[in-house]
Each structure stands twice: as structure tokens, then as C-alpha cells.
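Heads up, the thing below is written out as C-alpha cells.
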Amino acid sequence: MEGQLDRIRRDSLKNKVVSAEEAASWIEDGMTLGLSGFTRAGDAKAIPEALVKRAETETFKVNVFTGASLGHDIDKLFTEAGIVDKRLPFQADPTMRKGINNGELLFVDHHLSNTSELVRGGVLPQIDIAVIEAVAIAEDGSIIPSTSIGNSLIYAEHAKAIIVEINVAHSEEWEGVHDIYDPGVLGDREPIPLKHPDERIGTYGIPIDPEKIAGIVLTEEYDSFSTIDQPDDETEVMAEHLLQFLRSEIKAGRLTNELAPLQSGIGSQANAVLHGMINSEFENLELYSEVLQDSVFELIDAGKVKSASCTSITVTEERMNKLRNNLSFYKEKIVMRPQEISNHPEVIRRLGTISINTALEFDIYGNVNSTHVTGTKMMNGIGGSGDFARNARLAIFVTKSLAKKGAISSCVPFVSHVDHTEHDVDIIVTEQGYADLRGLAPKERVPLIINQCAHPSFRDELWAYYEEAALRGGHTPHILEKALSWHIRLSETGTMRESKEGVTHQ
Ligand code: COA
């Protein structure tokens, strides 16, 4: 306790230490909570757990706003306890996913750069209590975040009261990684002065009025580790196709072998594709990304990375151990920002990022669905993929050409939900190849997408659809009554295939 109290460097706040149970007791039915946490990193842990415990004997509901998904099964426990009215802006938990799709709670899926604007503009309900994980509270009262920033700045600024969870499992050495910057209100704002991914434009801590700190809870609990799958044969081939495309850009004089600031989305596939750069000729790479997954640290270890900007670090246990043991080395390369800045359209366009995100499905004209299975069931959310795709120099979407052991084709006549329209999708990459859609009319995209990205076992049927549609004419030919027939077949029979024979692919 003595050593832990040293993390509160402002003496007048030392008497604010309370138990998680006491802090959780201040949360009332109907309140809106702003929790720190982004893709399992830097999440408030003790108070959400104490809140779940309270639900064993009390009935209440709260709105839960975060940066993105949470660790420690918090979303699962919240759902099982039935205490969430509305959740935003992202989640990735199977139990909560089921709850959302069953109508047990409301979920708002929006671009991750937008939460701050909605809070600042008073569109969302005011945050009653912000719960922010920190490694320390500085002498001036500012909060030094831990392994993510996410929406912590905006929640702390706009909350009526703040509870800080000081987590001593995180080293104080994290201080100095963060770069806290608030762009100000819409319509009365200067350009964000960020011209290079490694620039610092803000402060180390979240500046707040110390009087707003209602309580401080001392905790000692590591972040949950990432659960991504390791690269496999197909993702290695996808990475090779992507490298081939990037080489063609260099040959055309549009890139050098330092490329451009890279963004890589969450999940196993985007991580695996970035991993594929380890043995490439590319060097001095810069990342301007949302989450740093294992592959970024592998690239740093391989001497390929100059700097990496992010809002969160989410890695496997092995990687986290390496990171902890060599934090001073990695710290030199990393800048962590609020998600409003890591994902800001203005900055992304200025830097000209190469953005690699994952699709669930894409269609023959290049529309991409990243969120809704068969157009209806929420997977995780759009996350930052739209922030980047709309504004990147190169908006690249990767996915395997088949899902669910071959029952599903990722390439369909018409996506069942549109997250990224044909206007925002530059390159599609699967293990079959890549399609460069830039500057092409819809009809020119079709052969590239079908022949280079779709799985061969679905190509004939895709061509049959397109040829029949083309007879009807139009700029983007469709047979509306058949456009979603593959999804209907999937819902009715469990496969998009006409016969189950093709469902053998592993
Ligand atoms: N139809 C139905 N299910 C599909 C599918 C399709 N067309 N394509 C993939 N899936 C399923 C997979 O079978 C897998 O299911 P499982 O969890 O039951 O095994 C699941 O979707 C995840 O697919 P996986 O192959 O493991 O890929 P991933 O870990 O790379 O995740 C997304 C892919 C699309 C779900 C994930 O990247 C995501 O949520 N993206 C949206 C947000 C985003 O892009 N954020 C980045 C911004 S920085």
C-alpha cells in the first residue's frame, strides 16, 4: 500500500483512496459510464468487476461507453448480469455479441474517431462517472494512462466525476509514451499540428481539474492478453500478394521501400499480413495505426520500424512479457494518442496512410461488409476501419476467400451490409490474389475481383450472376431479386453452395 500510494503524486489526493466496492456503490441506475479500455488494453478492471458483484443483489442498468473492446471478460460479465442498457462504440465478446443480436442490450456501432465529437458536442448523454485506469496521478493532478488511451481524455474532461484505478501491475515507465491532445470544438479548431507519425503535440498526462477525482482505487492486475490466431499458410500467401502489390507501387514510382505510414486493423488476418513484411526488403517503416498487435513488435525486433503511433497495445502473453522486460527500448519508438487523433480523418489524409483492414465479405463491385453476418447479426463493429479506409492513400481490405470450412464465399454478388462502399475500397486481397480497383468503373472491377480474389469453386456462379445481370444493363448491373440469394441459401441450408459437397475446405 505504501509503495502504491507513491503513485499518487499529488498529496491532496492521497486521502481519496477507496475500495472498488465503495467506488462502485456510487454508480446509480440510469447513469452513463465512460470507461477506459481499448481492445483489452488499459481497461478499468476493479470497478466493473465490483459493479457486476453488486448486480447479484440489486437491479440497475447503466450505459457503458468505452474506447473499444474490454478485457477480463467484462463485456461478458456485464451481459450476463443484465446491467447494460446501451453499449458503444465497439465490442468483441461472443456473449455480448449474442446479447446484442438477441436484443438484450442496445449497441451503437460508429466510427471510433467519432465518439469524442459526439460527447464534446453534447449529442450523447453526459458522462456521469468516468473510470480511468492509470499508472499514476501526477503532481498537477493529471492522469497518466496505462496501455491504452482510447476515449479516456474526452470521458475524463466531460464526466461529472472521475474515479481513477491506479494499476501497479503496469510499470510507471509507461509514463512518457502518451501524447494527449484535444483538438477543441467543431467550427473553432486549428489544424491538428501532426505532420509525421512520431511527432508529439500534446501532454504526457490527461489534464483535469483534480477536484473532479471522486475516488482512487488501487489495483494490481495485468491486461488480458490478445487471443489472435497465429499466421497460417493462407495468411502467408495473402501477405505475399500484398507485398507483390506494394512492389508494383514502388515500380510505378508511387512509393519507395520505406512505403508510407502503415495502419493495420485488429484481428488475426490483418496481424498475419503485417507479419509477412518481416522478411521483405521494406525498411524504416512508420506505423500510424490504432492498435499495435504482435506483428508490429516482431517488425520492431527485426529492425524494420522507425516509429509506431497508436491508441492501444494489445499483444499475446509472450509478447507482453518481452515488452515489459524491454519497455525502455520499445518506448523510444512508440507514441500513444487518444483514439480521436490516432483515427483522425484529417491526419490520416495528411499522412497518406496505407491502411489494411479485414472484411467479412466483399462483392463483385468492391463494396465491403466488415460487421454484419448475413446482413443481420453484429460481429464486432466497424471500429476504426472506416476512419482509415475513407481517408487513406491506399484502402486495402484483406480476407480469406472462404469462411466456415468452405460453406461461405467471402466474395458475393452483393454484400448483405455495407460498411465500406465501393468508393472507399482500393485494393482487395485474398489468398487467391489481389484486385487493384482504383480508377476502374464497376464493370471493369468485376473480372479482377472474381478471377483474382474469389475462390475458384465459386467463380462460375459469380460469373453466371454477373452475366445475367449485365443483360439487364445499368452502370452497376444487378438482379435485385437474386442479389442476396446466396445469403438466403446460407440461412436456409447452412451453406452458400448449391450442394454441400464443396464444404470440405479446412
Ligand atoms: N460470414 C460469416 N462469418 C464469417 C465470414 C463471413 N463472410 N468471414 C469470416 N467469418 C467469421 C470467421 O469464421 C470467424 O468466426 P469464428 O470466430 O466463429 O471462428 C470470425 O468471422 C472472425 O474471422 P477470422 O477469420 O478469425 O478473422 P479476424 O480475426 O481477422 O476478424 C473481422 C475479422 C472482420 C471479424 C475483424 O477484423 C473485425 O471485427 N473487423 C471490423 C473492425 C475493424 O476492421 N477494425 C480495425 C480498425 S483499426
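The figures that follow rest on heavy atoms only: side chains count, while hydrogens, waters and symmetry mates do not.
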Problem set entry | Results of salt bridge (charged side-chain N to carboxylate O under 4.0 Å, His left out) for Glu211 - residues two or more places apart only |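 So Glu211 forms no salt bridge (charged side-chain N to carboxylate O under 4.0 Å, His left out) with any residue.
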
From [X] atom [atom1] to [Y] atom [atom2], the distance as rounded to the nearest 0.5 Å:
{"X": "Asp294", "Y": "Leu274", "atom1": "CG", "atom2": "CG", "value": "11.0 Å"}
{"X": "Ile427", "Y": "Arg438", "atom1": "CD1", "atom2": "CZ", "value": "4.5 Å"}
{"X": "Thr311", "Y": "Leu112", "atom1": "OG1", "atom2": "CG", "value": "9.0 Å"}
{"X": "His417", "Y": "Met379", "atom1": "NE2", "atom2": "CE", "value": "12.5 Å"}
{"X": "Asp43", "Y": "Arg40", "atom1": "CG", "atom2": "CZ", "value": "9.0 Å"}

Is it true that [Y] and [X] share a donor-acceptor pair across their side chains at a distance under 3.5 Å?
{"X": "Asp387", "Y": "Ser113", "result": "yes"}
{"X": "Ser312", "Y": "Thr39", "result": "yes"}
{"X": "Glu133", "Y": "His170", "result": "yes"}
{"X": "Ser146", "Y": "Asn167", "result": "no"}
{"X": "Gln263", "Y": "Ser355", "result": "yes"}
{"X": "His158", "Y": "Gln126", "result": "no"}
{"X": "Thr66", "Y": "Arg87", "result": "yes"}
{"X": "Ser385", "Y": "Asn357", "result": "no"}

Problem set entry | Intermediate values then yes/no, side-chain hydrogen bond (donor to acceptor under 3.5 Å, both in side chains), Asn271 and Ser295 | CA-CA 6 Å; Asn271 181 63; Ser295 54; 2.8 Å; yes

Under 3.5 Å, is there a donor-acceptor pair between the side chain of [X] and the main chain of [Y]?
{"X": "Lys14", "Y": "Leu5", "answer": "yes"}
{"X": "Asn284", "Y": "Glu258", "answer": "no"}
{"X": "Asp109", "Y": "Phe90", "answer": "no"}
{"X": "Glu199", "Y": "Lys195", "answer": "yes"}
{"X": "Asn63", "Y": "Lys86", "answer": "yes"}
{"X": "Asp128", "Y": "Thr32", "answer": "yes"}
{"X": "Asp75", "Y": "Met96", "answer": "no"}
{"X": "Glu21", "Y": "Ala50", "answer": "no"}

Problem set entry | Residue pair His72, Glu49: steps toward the side-chain hydrogen bond (donor to acceptor under 3.5 Å, both in side chains) verdict | CA-CA 9 Å; His72 292 85; Glu49 281 163 5; 5.3 Å; no

Exercise. With the threshold set at 4.0 Å, does a side-chain nitrogen-carboxylate oxygen contact exist between Glu172 and Arg7?
Worked result: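 Yes, charged N to carboxylate O under 4.0 Å.
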
Problem set entry | NZ/NE/NH1/NH2 to OD/OE distance under 4.0 Å, Arg349 and Glu346 |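 Looking at Arg349 and Glu346, the cut-off is not met.
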
For this session: Using a 4.5 Å cut-off on heavy atoms from C-beta on, say whether the side chain of Glu117 contacts that of Glu340.
Result: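 Yes, close enough: below the 4.5 Å cut-off.
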
Exercise. Can you list the steps and then say if Arg337 with Cys310 is a side chain to side chain contact (heavy atoms under 4.5 Å, CB included)?
Worked result: CA-CA 6 Å; Arg337 310 179 189 282; Cys310 63; over 6 Å; no

For this session: Among Thr399, Asn369, Thr374, find the residue that satisfies the side chain to side chain donor-acceptor pair (under 3.5 Å) test when tested with Glu361.
Result: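 One option only clears the test, and that one is Asn369.
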
For this session: Check the pair Glu422, Asn367 against side-chain hydrogen bond (donor to acceptor under 3.5 Å, both in side chains), reporting the backbone distance first and the verdict last.
Result: CA-CA 4 Å; Glu422 50 161 339; Asn367 297 291; 5.5 Å; no

For this session: Measure across Thr376 and Asn101 and return the closest heavy-atom pair with its distance rounded to 0.1 Å.
Result: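 Between these two residues, the closest heavy atoms are O-OD1, 4.1 Å.
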
Exercise. Which atom pair, heavy atoms only, marks the closest approach of Met277 to Lys304?
Worked result: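 Shortest heavy-atom contact: O-CE, 4.0 Å.
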
Problem set entry | Candidates Val335, Thr353, Val305 - the one meeting side-chain contact (heavy atoms from CB on, under 4.5 Å) with Leu287 |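 Result for side-chain contact (heavy atoms from CB on, under 4.5 Å) with Leu287: Val305.
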
For this session: If a pair satisfies ring-ring contact (aromatic ring centres under 6.0 Å, His included) and one of its residues is in residues 297-349, list it, with sequence neighbours excluded.
Result: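 Pairs touching residues 297-349 that pass the test: Phe297-Tyr330.
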
For this session: Check whether NZ of the Lys or CZ of the Arg Arg200 lies under 6.0 Å from the centre of the six-membered ring of Tyr181 and within 45 degrees of that ring's axis.
Result: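 Ring-cation test returns no.
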
